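Letters A, B, ... mirror the listed sequences (proteins, then strands); counts begin at 1. Please read all numbers here as calculations on a predicted model, not as lab measurements.
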Protein chains: 2
Amino acid sequence: MTVTDRVPMSVRACSQLDRQRHARPQGRDRYTISEVVDYTGLSAHTLRWYERIGLMPHVDRSHTGQRRYTDKDLDWLDLVGKLRLTGMPVADMVRYAQLVREGDHTFAEREHLLSAHREDVRRRIAELHSTLDVLDFKIDIYAAHRRASEGVLSI
Amino acid sequence: MTVTDRVPMSVRACSQLDRQRHARPQGRDRYTISEVVDYTGLSAHTLRWYERIGLMPHVDRSHTGQRRYTDKDLDWLDLVGKLRLTGMPVADMVRYAQLVREGDHTFAEREHLLSAHREDVRRRIAELHSTLDVLDFKIDIYAAHRRASEGVLSI
DNA sequence: TAGAGACTTGGAGTGCACTCCAGGCAAGCG
DNA sequence: CGCTTGCCTGGAGTGCACTCCAAGTCTCTA
């Protein structure tokens with residue numbers, strides 16, 4: 001019985017318009033953190049934090065210790081972004097990342113985790129639709145009032 | 001570029017099953033806080049907090065100072081619950097409550113606020129659908145692997 | 001080779017939406 | 001009359017997901 005299911009504002013704000021505002025720089029396979037920032041829209045802080053909490057599958061480093069992300073990392077961040085959009089708790093994503101690291105014998109549990117989440121997403125879609133009905137109803141009332149006061153109905 | 005769009009776990013957990021686990025006690029029109037807790041699924045803490053932040057349209061009191069909610073209050077809490085399900089920030093709901101208190105001359109702004117939110121909800125539904133596609137894809141892979149290892153395809 | 005700008009770290013801070021606590025009042029019951 | 005139960009208050013605490021800071025290192029351009 002508690003809170004917690006967020007979809008970052010940032011995500012909502014950016015989702016359609018600046019999606020892929022920077023296409024993936026093809027084929028280099030060793031991206032700096034700021035390139036990944038441009039690509040994903042996440043902040044560098046957040047990327048480092050993801051790593052700290054175990055949400056990234058071991059990011060490579062340059063000889064001086066700077067992060068170098070691969071195409072595989074970007075693919076992973078795409079998936080994480082999708083899951084995040086649906087409000088999957090970070091803890092669940094970390095669990096999934098853990099399973100991926102553990103190897104093929106965790107396939108069953110991964111499937112189960114994703115299936116459960118899919119059910120959740122379906123339920124949420126249904127909830128949102130039912131809210132849309134309420135919004136439509138309310139908005140219709142206000143719109144009717146506005147049209148009336150604008151004189152459209154006063155002929 | 002920041003967080004914040006929550007749908008309480010509580011809400012998601014309760015939404016289908018124990019919806020209306022306690023039907024509205026008809027016609028009394030003076031409900032105690034614990035009756036409202038049963039009806040809405042919100043905690044008493046949360047109900048008092050809603051009032052404190054201006055999300056409730058002035059709740060009546062008994063002669064000893066205890067809250068007495070009306071049917072109108074329950075209707076309002078239903079709407080708030082719907083908006084909350086969609087992850088509308090509490091600040092926005094407070095703004096809406098304010099407009100309602102201010103009277104009919106705020107109809108236009110209320111319509112605008114709800115319309116903007118409706119767009120938001122529609123966008124979120126679309127996002128969720130696109131995530132469903134990704135989940136389906138992933139789950140198919142795991143399921144195919146499982147079937148293969150179960151020998152279904154080894155004939 | 002100097003300076004700007006990008007990168008590193010651990011840990012502290014932020015904002016949201018609750019959630020709980022201490023201390024106290026009021027009503028009903030044996 | 002004492003006891004339990006339900007309610008009241010302001011303010012502090014919680015959990016999540018970031019977000020920022022300080023202080024230092026590295027890299028690139030002029």
Side-chain angles (χ1 to χ4, degrees), chain A residues 1-14 22 30-56 59-69 77 80-81 83-95 97, chain B residues 1-14 30-56 59-69 77 80-81 83-97:
Chain A
M1 277 289 184
T2 307
V3 194
T4 13
D5 212 292
R6 321 181 166 197
V7 177
M9 285 260 172
S10 51
V11 170
R12 281 163 67 196
C14 302
H22 284 273
R30 277 182 79 77
Y31 312 111
T32 66
I33 200 165
S34 61
E35 286 171 318
V36 179
V37 164
D38 285 347
Y39 176 64
T40 61
L42 297 167
S43 74
H45 297 301
T46 301
L47 287 168
R48 295 192 196 102
W49 178 68
Y50 277 4
E51 207 175 321
R52 222 165 25 191
I53 64 175
L55 187 47
M56 291 300 298
V59 177
D60 208 22
R61 298 298 177 113
S62 74
H63 68 106
T64 57
Q66 298 195 351
R67 288 172 182 79
R68 292 296 178 260
Y69 293 84
L77 285 169
V80 166
L83 296 178
R84 196 173 62 123
L85 267 178
T86 63
M88 180 187 268
V90 168
D92 289 5
M93 295 195 277
V94 169
R95 174 84 189 120
Chain B
M1 277 295 184
T2 306
V3 194
T4 10
D5 212 290
R6 322 183 166 197
V7 177
M9 285 263 173
S10 51
V11 170
R12 282 163 66 195
C14 302
R30 279 180 77 76
Y31 312 111
T32 65
I33 199 165
S34 60
E35 286 171 317
V36 179
V37 164
D38 284 347
Y39 176 64
T40 61
L42 296 167
S43 73
H45 296 300
T46 301
L47 287 167
R48 295 193 197 102
W49 179 67
Y50 276 4
E51 207 174 323
R52 220 161 31 188
I53 64 175
L55 187 47
M56 290 299 298
V59 177
D60 208 22
R61 299 296 178 114
S62 74
H63 68 104
T64 56
Q66 298 195 351
R67 287 172 182 78
R68 291 294 177 262
Y69 293 85
L77 285 169
V80 165
L83 296 179
R84 195 174 62 123
L85 267 177
T86 64
M88 182 187 266
V90 168
D92 289 5
M93 296 196 276
V94 169
R95 174 84 190 123
Y96 184 73

| remark: Assert: residue with more 5' nearest nucleotide on DNA chain D, out of A:Thr64 and A:Arg52, is A:Arg52
| Residue whose closest nucleotide on DNA chain D lies nearer the 5' end, A:Ser62 versus B:Arg68 | B:Arg68
Within less than 4.0 Å of OP1 or OP2 of [N], is there a side-chain N or O belonging to [X]?
{"X": "A:Thr46", "N": "D:dA17", "result": "no"}
{"X": "B:Arg84", "N": "C:dA17", "result": "no"}
{"X": "A:Arg67", "N": "C:dC7", "result": "no"}
{"X": "A:Tyr50", "N": "D:dC18", "result": "yes"}
{"X": "A:Arg61", "N": "C:dT9", "result": "yes"}

Nearest-Å distance for atom pair [atom1]/[atom2], residues [X] and [N]:
{"X": "A:Tyr31", "N": "C:dC7", "atom1": "OH", "atom2": "P", "result": "15 Å"}
{"X": "A:Asp38", "N": "C:dA6", "atom1": "CG", "atom2": "P", "result": "11 Å"}
{"X": "B:Trp49", "N": "C:dC16", "atom1": "CH2", "atom2": "P", "result": "10 Å"}
{"X": "A:Arg30", "N": "D:dT27", "atom1": "CZ", "atom2": "P", "result": "12 Å"}
{"X": "A:Glu51", "N": "D:dA17", "atom1": "CD", "atom2": "C1'", "result": "17 Å"}
{"X": "B:Asp92", "N": "C:dC16", "atom1": "CG", "atom2": "P", "result": "11 Å"}
{"X": "B:Met88", "N": "C:dC18", "atom1": "CE", "atom2": "P", "result": "14 Å"}
{"X": "B:Leu47", "N": "C:dC18", "atom1": "CG", "atom2": "C1'", "result": "12 Å"}

| note | When rounded to the nearest 0.5 Å, the distance separating CZ of A:Arg68 from OG1 of A:Thr32 is 6.5 Å
| query | Distance from A:Ile53 atom CD1 to A:Met56 atom CE, nearest 0.5 Å? | reply | 11.0 Å
| query | Between D:dC8, D:dT19, D:dT27, which one does the side chain of A:His45 approach most closely? | reply | D:dT19
| Choosing from D:dG6, C:dA17, D:dA17, which nucleotide comes nearest the side chain of B:Pro89? | C:dA17
| said: Are the side chains of B:Ile33 and B:Arg48 in contact, using a 4.5 Å heavy-atom criterion? | reply: yes
| field | Heavy-atom check, side chain of A:Gln66 versus side chain of A:Arg61, under 4.5 Å | value | no
| Which atom names give the shortest non-hydrogen contact between B:Leu47 and B:Leu42, and what distance separates them? | CD2-CD1, 3.9 Å
| request: Name the residue closer to the 5' end of DNA chain C, choosing between B:Arg48 and A:Ala44 according to the nucleotide with the nearest heavy atom. | output: A:Ala44
| Hey, does A:Ser43 reach any base, or is it just sugar-phosphate, or nothing, if we go heavy atoms under 4.0 Å? | nothing
